[in-house]
Amino acid sequence: MHRPVLLVIAHGSRDARHAATVHALVRRVRSMRPGLRVETGFLDFNAPSVPQVLDRLALEGVRDVVVLPLLLTRAFHAKADIPAVLSQAPALLNIRLADVLGPSPLLLDTLERRLYEAGLGPADKRSTGVVLASAGSTDPEAIAVIAEIARELRHTGWCAVRPAFASAALPRTEDAVRELRALGVRRVAVAPYVIAPGFLPDRIARGAADADVLAEVLGSAPELARLLLLRYEEARVRASRAPALTA
């Protein structure tokens with residue numbers, strides 16, 4: 001069966017760790033699905049840009065592409081930036097736009113993986129409060145999704161979970177850490193709800209200075225790679241039921 005090319009669209013960053021992490025995640029996706037062509041394009045700062053990748057695919061004779069936003073919520077980049085860049089794609093390409101990654105149980109699994117890797121275990125849940133620290137957004141839909149994920153994480157057994165934001169919304173990570181301390185939580189952990197390192201994740205890390213545990217970013221975790229493939233397959237199913245996006 002013909003498989004559309006998977007094009008993963010990342011935001012991009014001046015921080016070299018960002019692109020390195022994105023490429024590591026894409027390599028894991030490729031290793032999980034041999035034979036699937038997976039490309040990476042960036043909206044800003046890094047190469048190749050999304051238009052460059054789309055133009056190259058069209059010149060190579062590719063016709064079907066599933067575009068996957070490497071985003072955790074449907075905020076500005078998902079609602080405006082990515083549709084705008086796709087509207088300029090070569091007319092020969094049949095483009096299917098996959099859903100953003102979140103929310104998903106696989107993201108909860110990834111968060112817990114990172115917390116366990118940071119030194120916690122299932123037995124620590126009842127005595128540990130977690131700050132779910134995201135990049136932040138002015139989009140009410142995105143903020144509501146983060147709050148819901150915090151509630152779902154709490155239901156997995158952690159004694160308390162508080163959302164926090166590195167920009168655009170409150171509370172900040174350090175404020176959420178203080179709130180959990182004031183509640184008498186024995187141990188406080190900060191779980192960055194971001195995919196790759198960069199400016200805002202560094203701000204989260206600084207805000208976690210008074211926490212007991214700081215987990216790593218989601219990065220190239222296997223659960224996250226599986227989620228990318230899930231979103232790809234969901235888009236393929238929808239492709240059989242709806243007309244393609246064309247430039």
Side-chain angles (χ1 to χ4, degrees), residues 10-11 13 15 17-18 21 69-79 100-121 124-219 221 223-224 227:
H11 181 270
S13 171
D15 190 319
R17 297 173 298 167
H18 175 92
T21 301
L70 197 61
L71 300 169
L72 297 173
T73 60
R74 272 186 47 78
F76 182 78
H77 296 305
K79 294 179 178 179
V100 297
L101 300 177
S104 167
L106 284 168
L107 288 171
L108 294 177
D109 293 344
T110 309
L111 286 164
E112 292 207 326
R113 167 186 285 275
R114 294 307 190 214
L115 286 164
Y116 293 161
E117 290 172 348
L120 299 172
D124 297 312
K125 283 188 169 186
R126 294 204 301 178
S127 61
T128 303
V130 177
V131 175
L132 180 71
S134 73
S137 173
T138 58
D139 189 301
E141 179 185 350
I143 297 299
V145 167
I146 298 300
E148 177 59 27
I149 291 168
R151 287 190 290 270
E152 291 178 0
L153 189 61
R154 167 69 179 84
H155 291 156
T156 67
W158 302 95
C159 76
V161 179
R162 295 291 183 273
F165 307 93
S167 68
L170 296 174
R172 296 286 184 257
T173 303
E174 54 269 32
D175 298 326
V177 170
R178 282 194 291 267
E179 180 187 350
L180 289 174
R181 293 282 190 214
L183 289 174
V185 172
R186 184 189 308 174
R187 184 188 295 106
V188 177
V190 173
Y193 190 62
V194 293
I195 293 173
F199 176 75
L200 293 178
D202 284 350
R203 181 179 288 178
I204 290 171
R206 290 193 296 272
D210 292 331
D212 301 293
V213 174
L214 172 61
E216 293 293 330
V217 298
L218 304 179
E223 296 86 355
L224 190 59
L227 179 54

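By convention here, the first residue in the shown sequence is residue 1.
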Considering all heavy atoms, the nearest Arg154-Cys159 contact: NE-O, 3.2 Å

Once you round to the nearest 0.5 Å, how far does [atom1] of [X] lie from [atom2] of [Y]?
X	Y	atom1	atom2	value
Leu120	Asp212	CG	CG	9.0 Å
Arg113	Leu115	CZ	CG	12.0 Å
Leu200	His18	CG	NE2	11.0 Å
Leu106	Leu111	CG	CG	11.0 Å
Leu108	His155	CG	NE2	11.0 Å
Thr110	Leu218	OG1	CG	6.0 Å

In a table with atom names and distances, give each donor-acceptor pair under 3.5 Å that connects a side chain of residues 187-198 to protein atoms at least two apart or in another chain.
from	atom 1	to	atom 2	distance (Å)
Arg187	NH1	Ser127	OG	3.2
Arg187	NH1	Thr128	OG1	2.9

Exercise answer: donor-acceptor pairs, residues 173-180 side-chain atoms, under 3.5 Å, sequence neighbours excluded:
from	atom 1	to	atom 2	distance (Å)
Asp175	OD1	Arg178	NH2	2.4
Glu179	OE2	Arg162	NE	2.8

Qualifying residues under salt bridge (charged side-chain N to carboxylate O under 4.0 Å, His left out), relative to Arg151, sequence neighbours excluded: Glu148

Partner set under salt bridge (charged side-chain N to carboxylate O under 4.0 Å, His left out) for Arg114, not counting sequence neighbours: Glu117

Find out whether [X] and [Y] are in side-chain contact, i.e. whether some heavy atom of one side chain is under 4.5 Å from a heavy atom of the other.
X	Y	value
Thr73	Val100	no
Asp202	Arg17	yes
Glu223	Glu112	no

Donor-acceptor pairs under 3.5 Å, side chain of residues 203-211 to any protein atom, not counting sequence neighbours: which ones?
from	atom 1	to	atom 2	distance (Å)
Arg203	NH1	Ala166	O	2.7

Whether over 12 other heavy atoms sit under 6.0 Å from Glu216 CD: no

Geometric class of the Tyr116/Trp158 ring pair [parallel <30°, tilted 30-60°, perpendicular >60°]: tilted

With a cut-off of 3.5 Å and sequence neighbours excluded, list every side-chain donor-acceptor pair involving residues 131-138.
from	atom 1	to	atom 2	distance (Å)
Ser137	OG	Asp139	N	2.9

Asp124 and Arg186 ion-paired at < 4.0 Å: no

